[in-house]
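Following: one structure in structure tokens, then a few remarks.
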Amino acid sequence: MGRFLGRLVVFFTVCLISFIAYTVQIFVIWPWYGRALTVELLQLLLPFNALVGILFYNYSKCVLVDPGKVPRGWAPNTTADGFEVKKLSGKPRYCRMCDAYKPPRSHHCRHCDSCVLRMDHHCPWINNCVGHFNYPYFVRFLFYVDLACSYHVIMLVQRCRDTAYRGDWTRMGSAELIFVILNFVTCIPVLLAVGGFSIYHFYCLMSNSTTIEGQEKDRVATLVRRGKIQEVKFPYHIGRLNNIKSVLGDNPLLWCWPQPAPGDGLTFPISNEAVNNGATTTSWPPEDPNEQPEGPFAGLPASPWTYENDGFNPGLRPTNSQLRRSDSSGSRRRRAAVPPYHPDYREGDGDAHAYLSSSDESEVEFMRPALRRGSEGYEVRPVNREEMLQRYLDEAPDKYNRYVPEPPSESESEG
Ligand SMILES: [Zn+2]
Ligand SMILES: [Zn+2]
């Protein structure tokens with residue numbers, strides 16, 4: 001079902017792009033230019049179609065390119081000299097779901113059910129993860145959506161300005177008018193939403209961080225602010241130009257051209273500053289010192305008063321709720337359970353005599369050994385002191401001196 005829904009979203013996205021890209025040309029621009037193939041029309045539409053073509057190509061690459069899986073049997077290199085040795089100072093990252101080591105910057109995606117190299121986020125619009133190998137296509141796709149949508153809006157505005165200039169709205173056919181409105185209504189929200197998203201991703205591109213690492217940076221900043229850890233520099237920021245090169249390729253002239261991602265997604269250069277400060281690829285993200293340690297006790301609940309399903313002891317259910325529930329079924333228990341001085345007692349709920357009466361069965365109900373959880377988590381039972389005393393006497397007959405009336409002694413009668 002999830003896979004079908006994912007493909008449905010991709011189909012919807014393709015339909016939306018096609019609608020915006022082609023209805024404007026067929027129903028708005030074509031009639032505007034007099035339904036004739038002129039040089040002016042080609043000059044207007046060829047660049048637009050080139051943008052749409054490259055946008056679709058990048059979109060298909062986002063959907064189809066594997067974002068990057070961890071190679072089978074991959075393990076962090078702790079034997080080589082130099083840079084890699086520094087990794088020894090950190091703890092190797094391990095994915096318990098995949099039962100394999102995690103390269104730096106990779107994360108486990110529960111939708112894809114695998115670890116993804118340099119994972120950014122799982123994107124429903126492409127039904128795929130955005131990872132090391134399709135991130136360049138993703139950034140280019142956002143860039144071309146911004147360009148194509150802007151071009152589209154400018155064409156529509158020009159069309160409307162032309163009609164307004166002539167002052168003759170009646171010359172615009174009803175189909176044309178409807179498609180002008182529909183194109184505005186679909187294109188402008190897309191431009192605003194994708195535009196905002198692109199600004200964030202262009203910022204990420206320049207700071208060489210992923211969406212997940214952006215969240216990690218926020219968390220680290222909070223820990224530093226609270227004085228829990230020392231300030232840690234993000235180690236992958238290697239200068240703006242190098243950051244962009246590490247994603248879009250070394251040649252700036254080809255940044256907009258759909259070319260594959262550089263690198264293998266398993267190792268990443270870290271900044272000299274970070275190396276000098278003793279940072280390694282495994283020292284990011286720094287851990288919260290107060291966090292529960294991983295290990296044999298990691299799965300235990302934090303509180304000894306909880307059971308394995310994180311619930312309370314099923315025997316320690318508050319009595320009143322139990323009794324109130326049965327009260328709704330017409331029984332007299334509630335009145336019996338809540339005495340008149342109790343905060344839950346309500347005046348209208350029957351007479352107080354029902355509680356006070358000792359002869360009827362409600363008294364029996366109240367004396368029933370019910371369990372309830374006190375504020376400290378103890379079991380609190382109503383105490384029957386007579387029964388308790390009897391139990392002690394039965395258990396330890398020698399503990400108490402009983403007064404047994406002595407029979408009149410013979411010596412007394414003798415005396
Ligand atoms: Zn995993
Ligand atoms: Zn995913």
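First listed ligand is number 1; within each ligand, the first listed atom is number 1. Hydrogens, waters and symmetry mates are skipped; everything else that's a heavy atom, side chains included, is used.
With Phe234 as the aromatic partner, Lys217 meets the cation-pi criteria of under 6.0 angstrom to the ring centre and within 45 degrees of the ring axis.
Rounding to the nearest 10°, we obtain 100° for the angle at the Zn ion (ligand 2) between Cys109 SG and Cys129 SG. When rounded to 10 degrees, the angle formed at the Zn ion (ligand 1) by SG (Cys115) and SG (Cys95) equals 100°.
Panel note: side chain His122, backbone Arg110; no donor-acceptor pair is recorded below 3.5 Å. At least one donor-acceptor pair closer than 3.5 Å links the side chain of His152 to the backbone N or O of Ile20.
Looking at Tyr22, Trp32, Phe27, Phe184 one by one, the single match for ring-ring contact (aromatic ring centres under 6.0 Å, His included) with Phe179 turns out to be Phe27.
The Zn ion (ligand 2) sits nearest to atom ND1 when only the N, O or S atoms of His122 are considered. The N, O or S atom of His108 lying closest to the Zn ion (ligand 1) is ND1.
Look at His111 and the Zn ion (ligand 2): no N/O/S atom of the residue is under 2.8 Å from the metal. Backbone or side-chain N, O or S atoms of His107 do not reach the Zn ion (ligand 1) at under 2.8 Å.
In this structure the side chain of Phe143 reaches within 4.5 angstrom of the side chain of Cys256, judged on heavy atoms.
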